[in-house]
Amino acid sequence: MPEVVDAQRSGRRHLAVGDTHARYYNGVNKPVEIATMTGAEAVVEMLRAHGVEVIFGLCGDTSLPLYDALCRNPIRHILTRDERHAAYMADGYARVTGKVGVCEGPSGGGATYILPGLVEANESSVPILAINTDVSVSSRNRFTLTELDQKTLFKPLTKWNAVLDRSADIPRIVRKAFEAMTTGRPGAAHISLPFDVQNGPVERADVWADPTLGAFPSRRVAPDAFHVELAAKLLRSAKTPLFICGGGVVLSGAEEELNALSQKLAAPVATTVSGKGSIDERSERSVGVVGSNGGTPETRAIVDAADAVIFVGCRAGSVTTERWRHPVPGSAKIIHIDVDPGVPGVNYKVDVPIVGDAKLALAALNEEVKQRSGGFQALAAAKREKLAKFEALAASGDTPIKPERVVLELQKTLDEDAILVADPGTPCPYFSAFYQVKGSGRRFFSNRAHGALGFSLAAAIGAHIGRPAVKTVAVMGDGSFGMCAGELETAVRLKLPITFVVIANAVYGWIKAGQKSGYQQRYFSVDFGVTDHAKVAEAFGVKSWRVTDPGKLHSVLREATAHGGPTLVDIVCQPLHEAKAPVSEWVA
Ligand SMILES: Cc1ncc(C[n+]2csc(CCOP(=O)(O)OP(=O)(O)O)c2C)c(N)n1
């Protein structure tokens, strides 16, 4: 009876409680019992096998089998109030844990609503998996309610996506999704899971995973030694080398290697907004953020003075380089380290491309270079100048409150290990420029790929779930608040001690500043009404304050951040177009 022996060897005879038994017939018409589970159970077990502990999402008709499987499983399910925020939560969770974030939603609107979060994560190289349930395979092409071509919808916006047609394919497809998300450049994946596929059988023996694929980067790729040698040679003759680090350093966990190499080369380290956390910003070698959303004239001057720029895990995009003007093309030799071979050489003529994982590439380069001597006097002077301008504005007792004051007070209030999530609008440039990340690793992030307003509230929830031991704060404009307020209920229901800060100015301020600097103050359709965000939050059950007096800001922020549940501080702030800070430098 070879078939039965095979079944025994593979463990199929060892049935677990709840297993169903499919009866297959061998060639001589003898039944072979095979343990199976439903497709929905298999999906959940496959997630668990990859180390998934939490899923963010929202229910729907087509998700009923999945929910029934989830309810009998230890994976924690966080019920959200819309799918966009479920994806943002998965994104925030992934960024702070280094693990894949998982979100789910139903068919039709659930799929179209989850999409913005997937797009942001994918472009930010954050591995999140979204599962949308779908109408049954047997109901396709029959004008079925919520039917949608999920395969085509998600294809251009994810690193990898699939629609399941058969339950038997579930284990293989989930394995493939995790491999795609966490190898090479991390990215988002999407799986469409039809209703009848959730109810079909899956062989228990097929439900296995390589758990290392649940965290990123899962399979690091080493750089070519030849290019590493070329880079070392180039650096030997450089007088003022400079690093510009993107999100790839923190994603790769390469902070130590970066620190060691920049020390050895006596090279300053500048970062993009996503690169914040690559280096402790208190270091004498830290430049801070450069570019048009957080850079200042002082940090730009440091970039322009470099005769060799080493981009690390950075796409040298329009914001970081102020539309490819800084570094000035041709004025510095370019070494470009990236895990994606399609990145080096796209925006700058590259002298040495190094394709590989940032941690491995920086370590390899460290082996090849010699200790250089060099001082940081010019950098220290530039930073003093930048800080002096900031501190003068931050000390102001003017009303409406200046954004600089908000940055300063939060800086004074938060512990070094706190996580700050910033929305676009005022928060991103001001906090990127002036909020000093103390220590390395993920302590600050913003949604820099697409910059959709309303990211930070949900992303902060995900970050808190991922790293509950530290304080998480989300800072958003009132434009953003209007796009995400519903998730305050989630924070209240789960009693999450997150502090939400609203920079309230009753205007889409960043755009109005653009109308001021580029369109002779022809202000058009950018002002909206005043909202008392503290009252709105209170209605959800959030402990809230509305602050108009800068003198009260410190004590309110202290009380809010110390509270054991969700809090919101609504701060009536000066709009960007009235600011005297170098905002005009930041507007594209
Ligand atoms: C979803 C979305 N729509 C439009 C924009 C374009 N946009 C960029 S900044 C901005 C204004 C932000 O306003 P607010 O959140 O109130 O912050 P403020 O600039 O006033 O500080 C807008 C509309 C965007 N980033 N995201």
Side-chain angles (χ1 to χ4, degrees), residues 82-85 87-88 91 112-121 123-124 157 273-274 291-294 317-319 393 400-407 410 420-435 445-460 474-487 500-519 523-533 536 546-547 568-588:
D82 94 47
E83 293 83 353
R84 177 164 53 112
H85 296 121
Y88 287 160
D91 179 322
T112 55
Y113 273 28
I114 216 163
L115 184 125
L118 269 192
V119 179
E120 176 60 40
E123 281 302 304
S124 291
L157 305 170
V273 176
S274 304
S292 57
N293 206 291
S318 60
V319 172
L393 293 160
I401 297 169
K402 292 201 187 306
E404 288 86 352
R405 180 90 188 224
V406 182
V407 179
L410 265 170
L420 193 139
V421 191
D423 251 306
T426 302
C428 185
Y430 277 81
F431 280 83
S432 296
F434 303 120
Y435 180 80
F445 64 95
S446 187
N447 51 331
R448 287 312 304 156
H450 290 273
L453 301 176
F455 170 82
S456 71
L457 194 156
V475 186
M476 68 202 79
D478 40 6
S480 281
F481 180 88
M483 296 197 191
C484 64
E487 293 299 338
F500 306 107
V501 174
V502 182
I503 308 256
N505 53 24
V507 60
Y508 287 122
W510 180 260
I511 307 304
K512 192 164 185 173
Q515 291 178 343
K516 180 184 184 187
S517 63
Y519 295 84
Y523 297 132
F524 174 72
S525 215
V526 284
D527 295 291
F528 48 80
V530 173
T531 301
D532 187 331
H533 306 99
V536 175
R546 185 167 171 84
V547 183
L568 182 139
V569 183
D570 188 23
I571 308 173
V572 179
C573 276
Q574 179 190 44
L576 280 175
H577 71 284
E578 289 171 7
K580 295 220 168 31
V583 165
S584 57
E585 304 282 355
W586 298 338
V587 176

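In each ligand, atom 1 is the first atom listed, and ligand 1 is the first ligand listed. Keep in mind that this is a model prediction, so the values were computed, not measured.
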Heavy-atom distance under 4.5 Å between the side chains of E487 and Y88, does that happen here?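 In short, these two side chains do not touch, never coming nearer than 4.5 Å.
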Are the side chains of R448 and N293 in contact, using a 4.5 Å heavy-atom criterion?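 A side-chain contact under 4.5 Å exists here.
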Which atom pairs, nitrogen or oxygen on both sides, join ligand 1 and the protein at under 3.5 angstrom?
{"residue": "ligand 1", "atom": "15 (O)", "partner": "G479", "partner atom": "N", "Å": "3.2"}
{"residue": "ligand 1", "atom": "15 (O)", "partner": "S480", "partner atom": "N", "Å": "3.1"}
{"residue": "ligand 1", "atom": "16 (O)", "partner": "D478", "partner atom": "OD1", "Å": "2.9"}
{"residue": "ligand 1", "atom": "16 (O)", "partner": "G479", "partner atom": "N", "Å": "2.8"}
{"residue": "ligand 1", "atom": "16 (O)", "partner": "V507", "partner atom": "O", "Å": "3.0"}
{"residue": "ligand 1", "atom": "19 (O)", "partner": "G509", "partner atom": "N", "Å": "3.3"}
{"residue": "ligand 1", "atom": "19 (O)", "partner": "W510", "partner atom": "N", "Å": "2.8"}
{"residue": "ligand 1", "atom": "20 (O)", "partner": "N505", "partner atom": "OD1", "Å": "3.2"}
{"residue": "ligand 1", "atom": "20 (O)", "partner": "N505", "partner atom": "ND2", "Å": "3.1"}
{"residue": "ligand 1", "atom": "20 (O)", "partner": "V507", "partner atom": "O", "Å": "2.8"}
{"residue": "ligand 1", "atom": "20 (O)", "partner": "G509", "partner atom": "N", "Å": "2.7"}
{"residue": "ligand 1", "atom": "21 (O)", "partner": "T426", "partner atom": "N", "Å": "2.9"}
{"residue": "ligand 1", "atom": "21 (O)", "partner": "T426", "partner atom": "OG1", "Å": "2.4"}
{"residue": "ligand 1", "atom": "25 (N)", "partner": "G451", "partner atom": "O", "Å": "2.7"}
{"residue": "ligand 1", "atom": "26 (N)", "partner": "L453", "partner atom": "N", "Å": "3.1"}

Output a table of donor-acceptor pairs, distance under 3.5 Å, between side-chain atoms of residues 477-485 and any protein atom two or more places apart or on a different chain; print 'none' if there are none.
{"residue": "D478", "atom": "OD2", "partner": "N505", "partner atom": "N", "Å": "2.8"}
{"residue": "D478", "atom": "OD2", "partner": "A506", "partner atom": "N", "Å": "2.6"}
{"residue": "S480", "atom": "OG", "partner": "D423", "partner atom": "OD1", "Å": "3.4"}
{"residue": "S480", "atom": "OG", "partner": "G454", "partner atom": "N", "Å": "3.0"}

Would you say the ring centroid of H533 lies under 6.0 angstrom from that of F500?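 No, ring centres 6.0 Å or more apart.
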Applying side-chain contact (heavy atoms from CB on, under 4.5 Å), can you list everything that pairs with V406, at least two apart in sequence or on another chain?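 Residues passing side-chain contact (heavy atoms from CB on, under 4.5 Å) with V406: I401, L410, F431, V501, I503, L553, I571, C573.
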Salt bridge (charged side-chain N to carboxylate O under 4.0 Å, His left out) partners of K512, counting only residues at least two apart: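 Once residues adjacent in sequence are excluded, the partners of K512 under the salt bridge (charged side-chain N to carboxylate O under 4.0 Å, His left out) criterion are D527.
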